[in-house]
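Step one of this worksheet: look at the structure below.
When a ligand or atom number is given, it counts from 1 through the structure's own listing order.
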Amino acid sequence: MPSQQNDHLNSNVRERLGLRPIINASGTMTALGASIIVPEAIHAMVEIAPQFVEIDDLQRKASAVIARLTGAESGFVTASAAGGIVMAVAAAMTGSRLLAIDRLPLDTAGLKTEVIVQLGHVVGYGNTIDQAVRISGAKTVFAGAVSSTQPYQVADAINENTAAGLFVVAHSTIGYGMLTVPEFVSICHAKDVPVIVDAASEYDLRRYIEQGADIVIYSGHKFLGGPTTGLVAGRKDLIRAGYLQNRGIGRGMKVGKESVAGVMAALEAWAVRDHDGIRASERAALDYWLGSFSELQGISARIVPDPTGNPLDRLEIRVEPASGYSAPGLVSALASCTPPIMVRGHQAELGILFLDPCNLHPGEETIVAEQLIGLINRPDRPADAQAKVNKSSAGILRWPD
Ligand SMILES: *Cc1c(COP(=O)(O)O)cnc(C)c1O
């Protein structure tokens, strides 16, 4: 193992805290610490940590940066995209009425409380988007069926109680049969209903504003490589109303000066990042894996594009019986390696897993390949090699033990 390249595997802080090293081949996962924070953001966080600032002013500056990068009128930073969704929904309900903001979530008298979501968009990202809507005191109105939405199913669901339409862009939504952003926007806008787009995991910071969304929400800690934050961008009156929720239900989604400054720096860094160079190194890891696994018994691999069109490919690995593993069994065996290798196993029941190169440290692709090849070529198999699923709540229910 080239030690210099893998210093992070021996990082002092992790040893001091008693945490084992892991290799993240699964992408940007909250449960694994999201993403590698870019140096510009780390620097900004360190710089501002000992300073006092007027937070409303800092957020005004953040608004200008968010506006410049997204093309929206305004923006603010909150604790997470999940928090941003809650505050955006609350904004659509209360506007800038301060007393209404005080009274959320249970007292919604006189407010519009319905939020329309296509049924195929009701994803979970830790909790469910339906709960994010309900936290503010609103109620989700599900439109269409899991696998299809017709325009009338949104249009005719709009009534005098409709606060917003909520559109989710995610690999985990149903990828067909849904209305597109422009279709959803035109139906909602025809009846003066604002549209909120959850684009938490998307690279393209401009697209949904260009397509007419009134509020778009991004994660600061996914592809942007910022600290854990949510970015809320959009129409000035709605963004103001969203920011005002910091005096209400948004208080529990509070973001500190270090995170605001950090994500502002991450946004500036994003604007000048060598995106082509990053793609090329991700591509090199994928090609290396593809070549390494080509002769492997019971494994067939191919490079597949990101389902929502992010400029990011992954290696799809189909696990066949000849490998001696089921896909969930191989996911589990990789997670039992030293160091553990975390892969994308959310479709393992279908016999496939994915390797995502976007959060690898230099050189880790070789460790991933060696361990996977070792697992297939070893003579024996772990007890759970044929596991049918990887789902269990047993571990978390023992926490903190
Ligand atoms: C990650 C994600 C979220 C949650 O984002 P956080 O910033 O981690 O709260 C919400 N929606 C979608 C579609 C996501 O991918």
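Judged by distance alone, the side chain of Lys222 and the main-chain N or O of Ser35 form no donor-acceptor pair under 3.5 Å. At least one donor-acceptor pair under 3.5 Å links the side chain of Arg344 to the backbone N or O of Ser26.
Remark: Asp276 does not engage Arg279 in a salt bridge, criterion side-chain N to carboxylate O under 4.0 Å. The residues Asp306 and Arg314 are annotated as salt-bridged, a charged nitrogen and a carboxylate oxygen being separated by less than 4.0 angstrom. Between Arg68 and Glu268 a salt bridge is recorded (basic side-chain N to carboxylate O distance below 4.0 Å). Salt bridge Arg283/Asp287: present, at least one basic N to carboxylate O contact under 4.0 Å.
Nearest non-hydrogen protein atom to atom 4 (C) of ligand 1 is Tyr125 CD1, 3.5 Å. Taking atom 1 (C) of ligand 1 as the reference point, the nearest protein heavy-atom neighbour is Lys222 NZ, 1.4 Å. Distance from atom 9 (O) of ligand 1 to its nearest protein heavy atom, with residue and atom name: Ala82 N, 2.9 Å.
Paired with Thr94 under the rule side-chain hydrogen bond (donor to acceptor under 3.5 Å, both in side chains), one option of Gln245, Arg103, Lys112 passes, and it is Gln245.
Under a 4.0 Å criterion applied to the non-hydrogen atoms of Val169, ligand 1 contributes the atoms 13 (C). Atoms of ligand 1 found under 4.0 Å from any heavy atom of Ser201, numbered from 1 in the order shown, are 15 (O). Listed by atom number, the atoms of ligand 1 under 4.0 Å from Thr30 heavy atoms are 8 (O). Taking every non-hydrogen atom of His221 and a distance limit under 4.0 Å, the qualifying atoms of ligand 1 come out as 6 (P), 7 (O), 8 (O).
When Asp198, Leu231, Ile217 are checked for heavy-atom proximity to atom 11 (N) of ligand 1, Asp198 turns out nearest. With distances taken over non-hydrogen atoms, the option nearest atom 5 (O) of ligand 1 out of Ala34, Gly27, Ser219 is Ser219.
Ring-plane geometry between Phe167 and Phe184 is classed as perpendicular, the angle between the planes exceeding 60 degrees on a 0 to 90 degree scale with a lower cut at 30.
Under 4.0 angstrom from ligand 1, there are no non-hydrogen atoms of Thr228.
Looking at ligand 1, you won't find any N or O of Ala200 less than 3.5 Å from one of its N or O atoms. Not one N or O of Ala170 is nearer than 3.5 Å to an N or O of ligand 1, by distance alone.
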